[in-house]
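Okay, structure first, notes after.
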Amino acid sequence: MATQVKVCGITQPGDAELALSLGADFIGVIIYEKSPRAVELEKVPELLESIPKGKRVLVDVAPSAQRLESCLSLGFDAYQIHFDLDIPMASIATWSGLVGPDALWVAPRLPDSEPDFPQVLMEFAETILVDAFDKNAYGGTGHAGANWQRFLDCTLLYQHKRWILAGGLSPDNIREALGFTQAEMVDVNSGVEQSPGVKDPDRLKELFAIIRQHDRQQDDTRTQGDS
Ligand SMILES: O=C(O)c1ccccc1NCC(=O)[C@H](O)[C@H](O)COP(=O)(O)O
């Protein structure tokens, strides 16, 4: 089974095309204005021309209902929303109502000290992104590792959801991350960049090569188990 890969923080068509040619399943476009990878709303339609339908993920931080509603006509397939846990549940319910639970990808900012994953979120979204924690940033932190155990626990506890492992994944740690978590889907951003918003072709290629090698090893192990 092929590990699904989302490449996030894409700001230019060439990077989207390279990621897609390597096998990216999803491309993330960040519209959060404070992100160094933010794409202005007026420039989104042109960028989306380089990303096929079915693979377009909008990334934002706790948008108002009006803002999210105004994004619905842009042509995204999924909406990855980062937020703090003290946000009113009504906001999450509103996002879910606007885009639907199948298209809502929730990315709660969870301090490492928070022992349990907030079960209440399950009601609103089918896809959940477990990211690294940083008190000064919502995503694209480049921090790796601390959340792997949480991710593994969540996937075992809530097997009916789609879980995405994120946070500082790169060619340097993706093999270990996949081995530890058995993630079926990963999200990469700063670990394959030259600078914020500009991807590094060599690191992207290396990342995909390692992921596909992991996939082949998994398939071989399964086949041996069947025989
Ligand atoms: O990248 C940003 O600047 C960003 C800002 C605000 C919300 C989300 C953001 N990025 C989301 C992602 O790139 C990924 O989903 C995830 O955070 C992993 O990023 P990284 O640790 O850089 O691999």
Side-chain angles (χ1 to χ4, degrees), residues 3-12 15-16 19 24-41 44 47 51 55-64 67-68 71 76-85 87 91-92 95 103-112 125 127-148 150-151 154 162-178 181 183-200 203-204 206-208 210-211:
T3 304
Q4 290 204 300
V5 185
K6 167 170 164 266
V7 180
C8 199
I10 292 286
T11 63
Q12 43 195 32
D15 284 350
D25 299 280
F26 298 98
I27 300 290
V29 176
I30 299 170
I31 62 162
Y32 179 52
E33 283 149 0
K34 292 183 187 155
S35 166
R37 306 168 180 97
V39 175
E40 290 167 39
L41 280 183
V44 166
L47 181 56
I51 310 170
K55 295 179 179 258
R56 303 165 171 177
V57 184
L58 172 143
V59 181
D60 201 0
V61 175
S64 66
R67 177 169 167 89
L68 186 56
C71 292
F76 284 97
D77 305 291
Y79 300 81
Q80 175 179 318
I81 300 191
H82 294 247
F83 54 92
D84 283 311
L85 276 186
I87 195 169
S91 299
I92 305 172
W95 304 331
L104 180 63
W105 296 9
V106 287
R109 181 156 69 164
L110 279 181
D112 296 331
T127 302
I128 298 153
L129 183 133
V130 178
D131 207 343
F133 177 76
D134 185 319
K135 67 177 168 37
N136 299 313
Y138 283 96
T141 65
H143 302 330
N147 58 347
W148 293 358
R150 185 197 294 285
F151 180 88
C154 285
R162 175 164 64 168
W163 292 91
I164 308 173
L165 179 67
L169 297 174
S170 76
D172 309 325
N173 61 22
I174 191 71
R175 191 190 314 274
E176 193 190 348
L178 290 173
T181 63
E184 292 177 1
M185 184 161 169
V186 293
D187 181 330
V188 294
N189 183 354
S190 55
V192 289
E193 281 183 332
Q194 277 171 1
S195 59
V198 180
K199 294 300 182 240
D200 180 323
R203 282 182 75 76
L204 255 184
E206 197 185 344
L207 179 104
F208 274 92
I210 297 169
I211 292 175

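Both ligands and their constituent atoms are indexed starting at 1 by order of listing. Model, not experiment: these values are computed from the prediction. These values consider heavy atoms only, across backbone and side chains, with no hydrogens, waters or symmetry-generated copies.
Separation of atoms CG (L207) and CZ (R203) is listed at 8.5 Å; rounding is to 0.5 Å. To the nearest 0.5 angstrom, L129 atom CG is 8.5 Å from F151 atom CZ. Here the CZ-OH distance, from F133 to Y138, works out to 9.5 Å after rounding to the nearest 0.5 Å. Considering CD of Q80 and CD1 of I128, their distance stands at 12.5 Å, rounded to 0.5 Å. For the atom pair I164 CD1 and D187 CG, the distance stands at 6.5 Å (nearest 0.5 Å).
The proximity of N189 to ligand 1, defined as any non-hydrogen pair under 4.0 Å, involves the side chain as well as the backbone. Residue contacts with ligand 1 for S190 involve both N, CA, C or O and side-chain atoms from C-beta outward (heavy atoms, distance under 4.0 Å).
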Step by step, would you call D131 with R109 a side-chain contact (heavy atoms from CB on, under 4.5 Å)? CA-CA 7 Å; D131 207 343; R109 181 156 69 164; over 6 Å; no

Mind running side-chain hydrogen bond (donor to acceptor under 3.5 Å, both in side chains) on D15 and Q12 for me, showing each step along the way? CA-CA 6 Å; D15 284 350; Q12 43 195 32; 3.2 Å; yes

What verdict does the side-chain contact (heavy atoms from CB on, under 4.5 Å) test give for M185 and T127, after you've listed the backbone C-alpha separation in whole Å, the side-chain angles of each residue and the deciding distance to 0.1 Å? CA-CA 10 Å; M185 184 161 169; T127 302; 5.7 Å; no

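W148 is linked by a ring pair (Phe, Tyr, Trp, His ring centres under 6.0 Å) to nothing, counting only residues two or more places apart in sequence or in another chain. E33 is linked by a side chain to side chain contact (heavy atoms under 4.5 Å, CB included) to R67, counting only residues two or more places apart in sequence or in another chain.
In this structure, G167 counts as a contact residue of ligand 1, since one of its heavy atoms falls inside 4.0 Å of the ligand. Using 4.0 Å as the threshold, K34 has no heavy atom nearer than that to any atom of ligand 1. At least one heavy atom of P36 sits less than 4.0 Å from an atom of ligand 1.
Heavy-atom proximity to Y32, at under 4.0 Å, picks out these atoms of ligand 1: 6 (C). Using a 4.0 Å cut-off to heavy atoms of D187, the atoms of ligand 1 that qualify are 14 (C), 15 (O). Counting atoms of ligand 1 from 1 in the listed order, those under 4.0 Å from a heavy atom of K6 are 15 (O). Which parts of ligand 1 touch D131 is read off a 4.0 Å heavy-atom cut-off, strictly below it: atoms 16 (C), 17 (O), 18 (C). Ligand 1 places these atoms under 4.0 Å from at least one heavy atom of I30: 1 (O), 2 (C), 4 (C), 9 (C), 10 (N). The ligand atoms of ligand 1 that sit less than 4.0 angstrom from a heavy atom of V59 are 8 (C). Of all atoms in ligand 1, numbered sequentially from 1 with element shown, those under 4.0 Å from a heavy atom of V61 are 6 (C), 7 (C). Ligand-side atoms of ligand 1 in range of R37: 1 (O), 2 (C), 3 (O), range being under 4.0 angstrom from any heavy atom.
Of the polar atoms of G168, at least one N or O is found under 3.5 Å from an N or O of ligand 1, judged by distance alone. For ligand 1, the polar-atom distance check against G142 finds a nitrogen or oxygen pair separated by under 3.5 Å.
The nearest protein atom to atom 12 (C) of ligand 1, hydrogens excluded, is given as C8 SG, 3.5 Å; this is a heavy-atom distance.
Across all their heavy atoms, C71 and L41 have their closest contact at SG-CD2, 4.3 Å.
When the heavy-atom distances from atom 3 (O) of ligand 1 to G9, S35, G139, G140 are ranked, the shortest goes to S35.
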